[in-house]
Amino acid sequence: MTFGQLDYIGLSSDNDFLYTRDMNKNSLVLYKSFLALVCDKDGDKFLIKFCTQPATSTGKKAVYGEQKVREKDVVLLHEGPCSSLENALSFSDENIPSQIQEAWELLQSDESTATAPLPLNELSEYARSSFKADEAWAFYSALLADNHFSLSQEDFKNGSLVFIPHSQAEIDELNQKKYEKEHEEEIRAEFIKRVKTRKLELPSDARFMGEVEAFALNKTDKCRVLKEAGIAQTPENAHRLLIDTGIWDYTKNPYPTRFGFSFESAKEQLGAMPKEERMEVPGFAYAIDSEHSTDPDDAVAFDGEYLWVHIADPASSVLPDSSIDIAARGRGTTLYIPEGASRMLAESCLEDYALGLKNPSSALSFRIKVDADSQIEECQVFKTLVNVKRLTYKLAEEQKESPELKPLFEIARKNRARREANGAVTIQMPEVSISVDKETKKVSIEPDQRYESNDMIAELMIMAGEGAARFAFKNQIPFMYVSQEAPEFPASLPEGWAGQFARIKCMRKRSVGITPAPHAGLGLSFYSQVTSPLRRYGDLISHQQLRAFIEGRRLIQKDDMLEKVSAGDAASLDARKVSRLSEMHWKLVYLKQNPELTFEGFCIDRRGNDALFLIPALDMQATIKNAGDIALNTQATLKAGKIDIVEQSVVFSLYCA
């Protein structure tokens, strides 16, 4: 009962103190966390005496205070009369804990009272033969310390003391927590002993290993468990400990989280494609991709005069420095790992923005005029509506002599010849597709089938990138350019896989910036990337610039462009590293799951007495120690031996049946 529920019935004989039905002079109340005695009333306030520090057996004296309080500032404990505040504080009865337990047992015997909330005064009737004011504080304090009941915080906020019986399971859990708190150092010491022997008591020890998990995932920079166990504090050591103790299965892939990437795609919605004036392109364009593709973002066509490269148009909705733009810049790219895709833009946008999922599709289109040698004479950029047919590479290969596709293959062949004449470097290395069953974690690895249609699409995308770069340079648009310095090859290169690997070793790193420079690897004077704005931030920001230009809006200026390009590229490089580490992780899991398999390898490099082998079926390299006089491109059968998931290493050896 609160002071807000007063029922005036008369005046006292001294100082005109006003009595109430439930609260009287010498009633006990709770003031903050202190016990208090009501002494008097002064207008609409009440004078209370409270104790902030009870007397102790060591001789410390009690500390008291007085305060005038408002009626809402206190909670009634007992209506009284209490003989004195000192007596209420000093009262003790060793039987109270057992009385509380007996009351709980009595309540549990009836289903209707087993979980029903009880006011303090009613609960006292179950526990004690009497509930006098001088006893109230001791009984109340014992209830707070006991695990059979809990104080209803909601009722306490409303000025009432109501207790809720706990179930036996809740009591056991609370008792366990109390024991653990009282024996914390002893329990932790025993846990650390088990960590050192890698023999945890699960699941109870798992709660202590949370900090090890956080450290293994780079969420924290220190790990007390590793330190106390005498283990060097590195994410790799934490990873190994988690596997060794059974907290993580060896299939756990830590790399996306360790580098700050989410396994989930972006959440913020782009909304439907905005309605705006667009050029309708007649005929059909062809979106040609792998059979597993779910995000087609380019389509191609030739109308007899122009090559058309149509690209998805999310920049129609994603404005510079909007929340979606900033989030995409932080991701840099869609993260592709064997578990699936973590998309730079929301998954839901594909229905409206990918090409060919709806017809007609909205696009930002590059209309390219080429000469007889596929040299670009002119490139224009338009906002378009285009009808798109989707094909797999295999189907496109089967139809490459059709009237619709044959010109595209011819343009691509000529463009490749032109680039190679300008020094372009073509490297073909094996690629594989890795898939992981989400339930069983079973890994499958299949070699990618490559067709000429793969090369045709890649070539036309290069042409779109070159055309966009020339368009931006001609119109003085601050733009993202991609460049690469020329490699320096030795006088002679070996044939086969060894020759391909030798070329890779000579290649220079690509650069991105806002100043155009040659891309020697592609054999081009200008180059940009514009064909994947759904999954590459650099392409998205380039589209934002192109749209602003053709609409006559303000462009992103050079300094801002450079900052955005650099931030997006840094995130993209991290994503590629995560993708590479994740793929290697699942390849090693595959080898552990299939220890009986052997693989054909080809010697691609010699390093002293060691030989480096390429395993095409895994797209993996393996060093064979003390390989003798094995020549480059020698084929041999290899088998995996020791596999270290944490260190991402595997030892292969030559296999003789």
Take Thr257 and Asn218 through the test side-chain contact (heavy atoms from CB on, under 4.5 Å) and record every step on the way to the result. CA-CA 8 Å; Thr257 307; Asn218 271 349; over 6 Å; no

Steps toward salt bridge (Lys or Arg N to Asp or Glu O under 4.0 Å) verdict (Arg278, Asp313): CA-CA 12 Å; Arg278 291 179 179 271; Asp313 193 15; 2.8 Å; yes

If the threshold is 4.0 Å, N to carboxylate O, is there a salt bridge linking Asp303 and Arg367? no

Validation row: Ile337, Trp586 side chains within 4.5 angstrom (heavy atoms): no

With Glu459 as reference, evaluate Lys414, Arg419, Arg413 under the side-chain hydrogen bond (donor to acceptor under 3.5 Å, both in side chains) test and give the passing residue. Arg419

For residues Glu466 and Ile376, determine if any side-chain heavy atom of one lies less than 4.5 Å from a side-chain heavy atom of the other. yes

Evaluate whether atom CD of Gln233 has more than 12 neighbouring non-hydrogen atoms of other residues, nucleotides or ligands under 6.0 angstrom away. yes

Are Asp644 and Ser649 linked by a side-chain donor-acceptor pair shorter than 3.5 Å? no

Apply side-chain contact (heavy atoms from CB on, under 4.5 Å) to residues Lys564 and Ile514 and explain how you reach the verdict. CA-CA 11 Å; Lys564 296 172 190 292; Ile514 59 172; over 6 Å; no

Run Leu534 and Thr334 through side-chain contact (heavy atoms from CB on, under 4.5 Å) and show every step you take. CA-CA 8 Å; Leu534 287 174; Thr334 289; over 6 Å; no

Check whether the side chains of Asn253 and Ser582 place a donor and an acceptor atom closer than 3.5 Å, and report yes or no. yes

Taking it one step at a time, do Lys358 and Asp352 satisfy salt bridge (Lys or Arg N to Asp or Glu O under 4.0 Å)? CA-CA 7 Å; Lys358 287 182 178 180; Asp352 288 317; 2.8 Å; yes

Is any side-chain heavy atom of Glu397 less than 4.5 Å from a side-chain heavy atom of Lys400? yes

Does the cation-pi check pass for Lys389 over Tyr286, that is, NZ or CZ under 6.0 Å from the six-membered ring centre and within 45° of its axis? no

If the threshold is 4.0 Å, N to carboxylate O, is there a salt bridge linking Glu647 and Arg240? yes

Pair Ser316-Glu276, side-chain donor/acceptor within less than 3.5 Å: no

Taking all heavy atoms of Asn633 and all of Ala498, pick out the closest pair and write down the distance. OD1-N, 3.1 Å

Any idea how His543 and Phe366 line up, ring-wise: parallel (<30°), tilted (30 to 60°), or perpendicular (>60°)? perpendicular

Neighbour count >12 (heavy atoms, 6.0 Å) for atom CD, Glu446: no

More than 12 heavy atoms of other residues, nucleotides or ligands under 6.0 Å from NZ of Lys474: is that the case? no

Closest heavy-atom pair, Cys349 versus Leu345, reported as atoms and distance to 0.1 Å, is SG-CB, 4.0 Å

SG on Cys506 to CD on Glu488, rounded to 0.5 Å: 8.5 Å

Side chain to side chain contact (heavy atoms under 4.5 Å, CB included) partners for Gln399, two or more places apart: Leu391, Leu395, Ser402, Leu405

Fit a plane to each ring of Phe549 and Phe471, take the angle between them on a 0 to 90° scale, and name the class: parallel (under 30°), tilted (30 to 60°) or perpendicular (over 60°). perpendicular

In terms of side-chain geometry, is the basic nitrogen of Asp321 or Arg329 positioned less than 4.0 Å from the acidic oxygen of its partner? yes

Between Ser342 and Arg331, a side-chain donor and acceptor under 3.5 Å: yes

Are any of the side-chain heavy atoms of Thr251 and Lys592 separated by less than 4.5 Å? no

When Arg510, Arg536, Met480 are each screened for side chain to side chain contact (heavy atoms under 4.5 Å, CB included) with Asp569, the one that passes is Arg510

Side chains of Asp325 and Leu319 in contact at under 4.5 Å (non-hydrogen atoms): no

Is Lys577 positioned over the aromatic face of Phe259, cation under 6.0 angstrom from the ring centre and no more than 45 degrees off axis? no

Salt bridge check: are Glu339 and Lys438 linked by an N-O gap of less than 4.0 Å? no

Using side chain to side chain contact (heavy atoms under 4.5 Å, CB included) as the criterion, point out the one residue from Glu236, His585, Lys587 that pairs with Gln648. His585

Are Asp297 and Arg535 close enough for a salt bridge, meaning some N to O gap below 4.0 Å? yes

If you define the side chain from C-beta out and look only at heavy atoms, does anything of Arg258 sit under 4.5 Å from Leu581? no

With a 6.0 Å cut-off (strictly less than), is the heavy-atom count around CD of Glu551, excluding the residue itself, greater than 12? yes

Decide yes or no for Ile457 and Asp298: does some side-chain heavy atom of the first lie under 4.5 Å from some side-chain heavy atom of the second? yes

Partners meeting salt bridge (charged side-chain N to carboxylate O under 4.0 Å, His left out) with Arg580 (sequence neighbours left out): none

In terms of ring plane angle, is the pair Tyr590 and Phe599 parallel, tilted or perpendicular, where the classes change at 30° and 60°? tilted

Under 4.0 Å between a Lys/Arg side-chain N and an Asp/Glu carboxylate O for Asp455 and Arg450? yes

I need the minimum non-hydrogen distance between Ala363 and Val386, along with the two atoms involved. CB-CG1, 4.2 Å

Would you say that Arg343 contacts Tyr336 through its side chain, given a criterion of any heavy-atom pair below 4.5 Å between the two side chains? yes

Under the ring pair (Phe, Tyr, Trp, His ring centres under 6.0 Å) test, which residues partner Tyr481, sequence neighbours left out? Phe479

